[in-house]
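Values in this document were obtained by computation on a predicted structure and should not be read as measured data. Numbering of ligands and ligand atoms starts at 1, following listing order.
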Amino acid sequence: MSIIKLDQNTINHIAAGEVIDRPSSIVKELVENSIDANATNISIEIKDGGISFIRITDNGDGIEEDDIKIAFERHSTSKIKDTIDLASIHSLGFRGEALSSIAAVCQVELITKTKDSMTGFRYRIEGDEEIGFEEIGAPDGTTFVVRNIFFNTPARRKFLKTASTESGYISEIIEKIALSHPEISFTFINNGKTRIYTPGNGNLKDTIYAIYGKEVTDNLVEVNYKDKNIEMTGFLGKAIISKGNRSNENYFINGRYIKSDIISKAIEEGYKFILMQHKYPFTVVNFTIDNKYIDVNVHPSKMELRISNASEIYPAIVETVKETLIEKPNIIDAKIDDEKKEEKKIDRKPEPFETKRNVEEEIVPEKTRNIPKPKSADYTNIIKPKQEEVHEQLSYDFLSEEARPKHKIIGQVFETYWIVEYEDEMYIIDQHAAHEKVNFERLMKRFENNDVSTQMLSQPIILNLSMKDANVLEQYLDNFNEIGFQIEPFQGTDFAVRGVPSELYTIDSEDVLMDIIDNFTAEIGSMVPNIITEKICSMSCKAAIKGNTKISFAEADALIDELLSLDNPYNCPHGRPTIIKMSKEELEKKFKRIV
Ligand code: ADP
Ligand code: MG
């Protein structure tokens, strides 16, 4: 298809603005061009964060000789002709501005060859000035080499960050684009090292594996939904791989990587029942929405778009996410096969890629302390409106009210894990994680409902603190007292603890408080008050659960009961699993009863 210069009327309809502000925007524009050119292999190589060198090679359609110079003129494109085309855009690009903008601020070299041409061509342009045009031998496809961004506008160069930050932005863009196109193989090489390689075999899960590694891939639930307004395919991460920020919320509309508040909100709403506050899910979801409802011509970087049927698709997304997660509870399968055998074989390049760990692990210090014994009477006050609503929809019923009487508690092993049999599955519940979770939820519910309850101590505990620790405690005293501690300044840098939250009555308050204060000094500064309180809750609960303590069947029964009634029984507040399961089939395979 030949490249034309758009007429003024069409140009006037295109969202105006600068698209090249840093190396990552060059990478985004050029990779999008390669995708639009039907490439199945795209390799991106950078040096110095892309500031001095970017090379993008594709095996796509190439540019015809007569079109090469025109491609670098403003508003020249092969993707649309007029305002009518603008109304339904099927390609990633359409503005016809990227190449001219890049050439204006960089030194650019283009080598391209179409299948029908006998030879390739090399074109060089630096800061809008043509340097050379010649015929050369080249493989089918296109290579762009972009050197020295802002070489002619040093003032703009100053706004760039360090090479490692800039290469981080580039890596992120490539990850997202690769996830949105599993049928294309992407290679990203930074300073000579391969950082990303995706197989391009069309399998989204393999692409996720290549980028995020095994831990993430092992904790995904497939999503598949279609109605007249929207189609949704891809994967939702279980709660265990959620993060404290939105960087792993990947979603695409019609193959385009975008950011959309409405989509983020819908996904998070759907996840609400299994995620703690301030945790954000891992997702890779492709939305297909009829082009007539989508306007991508809103922002020059094409990262934002307008969705005109948002009110119809919003509830569908929320429900689909929720139902998908409910049907496949976030219980981890305890696979006992050799892990290596399980790893999916992906056709990889020899160099190792970087994988990311997304699970924040916190290790519970092994100190021995009493665990609060659950009293059956306590369980009657648990507020459950939300989970009832959730349970109603449970197709998987380990968690349902009806399933409850059929749970058979088999016993405890290693003074820590409770084994529960239910139908053809064996569930293993970590007593300590369960306690921690149950206590945390109780404390948080009480705090949220303004209903904290304090157990007064017969003898106050006096905390002797250093000046620094006393300052910290003084500063956050309200947060402690909000969840049921009763602490007040005593003498000098000493504090008197007169009461503790009823849920944590049996804890060794002095140790717990000292632990919390120790941990505080380092990280708490930038948090908002509610998060500080939540943090105190979670730290208190973690500290309250210790050691290999034996509890009775009745106590275990009550604990498991309460755990299973929670909105999210699957993880402790620190993200570790509380329940894992192993199927009868798995065991039978292991014993070679079945193959
Ligand atoms: P747009 O993508 O909006 O059309 P660009 O300035 O990014 O505008 O590119 C101008 C034109 O150059 C494209 O329309 C396309 O025809 C051609 N082009 C750019 N990159 C490639 C590529 N890698 N392979 C084939 N053609 C390309
Ligand atoms: Mg383009």
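Considering backbone and side-chain atoms together, F144 places no N or O closer than 3.5 Å to any N or O of ligand 1. For the pair S78 and ligand 1, the shortest N or O to N or O distance falls below 3.5 Å. Close N/O approach between S100 and ligand 1 is not found [any backbone or side-chain N/O within under 3.5 Å].
Residues K5 and E73 are paired through a salt bridge, judged by an N-O separation under 4.0 Å between the basic side chain and the carboxylate. Between E109 and R122, at least one side-chain nitrogen of the basic residue sits less than 4.0 Å from a carboxylate oxygen of the acidic one, meeting the salt-bridge criterion. A salt bridge between D261 and K265 is absent, with no side-chain N of the basic residue lying under 4.0 Å from a carboxylate O of the acidic one. Salt bridge status for R246 with E268: present, with a side-chain N to carboxylate O gap under 4.0 Å.
By the criterion of a heavy-atom distance under 4.0 Å, the backbone of E97, and not its side chain, is placed next to ligand 1. The part of T142 lying near ligand 1 is the side chain, judged by heavy-atom distances below 4.0 Å. Only the backbone of S76 comes within 4.0 Å of ligand 1, counting heavy atoms alone; no side-chain atom from C-beta on gets that close. Under 4.0 angstrom from ligand 1, there are no non-hydrogen atoms of L92.
For the residue pair K161 and Y169, a side-chain donor N or O sits within less than 3.5 Å of a side-chain acceptor on the partner. Using modelled atom types and a 3.5 Å distance limit, the side chains of S43 and T187 yield no donor-acceptor pair.
With hydrogens and angles ignored, the 3.5 Å screen pairs no side-chain donor or acceptor of N309 with any backbone N or O of E312.
Per-residue contacts place I3 under 4.0 angstrom from the following atoms of ligand 1 (heavy atoms of the residue considered): 11 (C), 12 (O), 16 (O), 17 (C). Of all the atoms in ligand 1, the ones that sit under 4.0 Å from a non-hydrogen atom of A37 are 24 (N), 25 (C). The R95 neighbourhood of ligand 1 comprises atoms 3 (O), with distances under 4.0 Å to a heavy atom of that residue. Which parts of ligand 1 touch G93 is read off a 4.0 Å heavy-atom cut-off, strictly below it: atoms 2 (O), 3 (O).
Across E73, K79, H75, E64, heavy-atom proximity to atom 13 (C) of ligand 1 is greatest for K79.
Seen from the ring of F53, K47 counts as a face-on cation partner, given the 6.0 Å and 45° thresholds. For the pair K69 and F133, the cation-pi test (distance below 6.0 Å, angle within 45°) is passed.
Inspection of the environment of the Mg ion (ligand 2) yields the following protein N, O or S atoms under 2.8 Å: N33 OD1.
Taking the six-membered ring where the residue is Trp, the centroids of F282 and Y212 are separated by under 6.0 Å. With ring centers used as reference points, Y251 lies 6.0 Å or more from Y257.
Annotation for R306: atom CZ does not count as buried by contact number, only 12 or fewer foreign heavy atoms lying within 6.0 Å.
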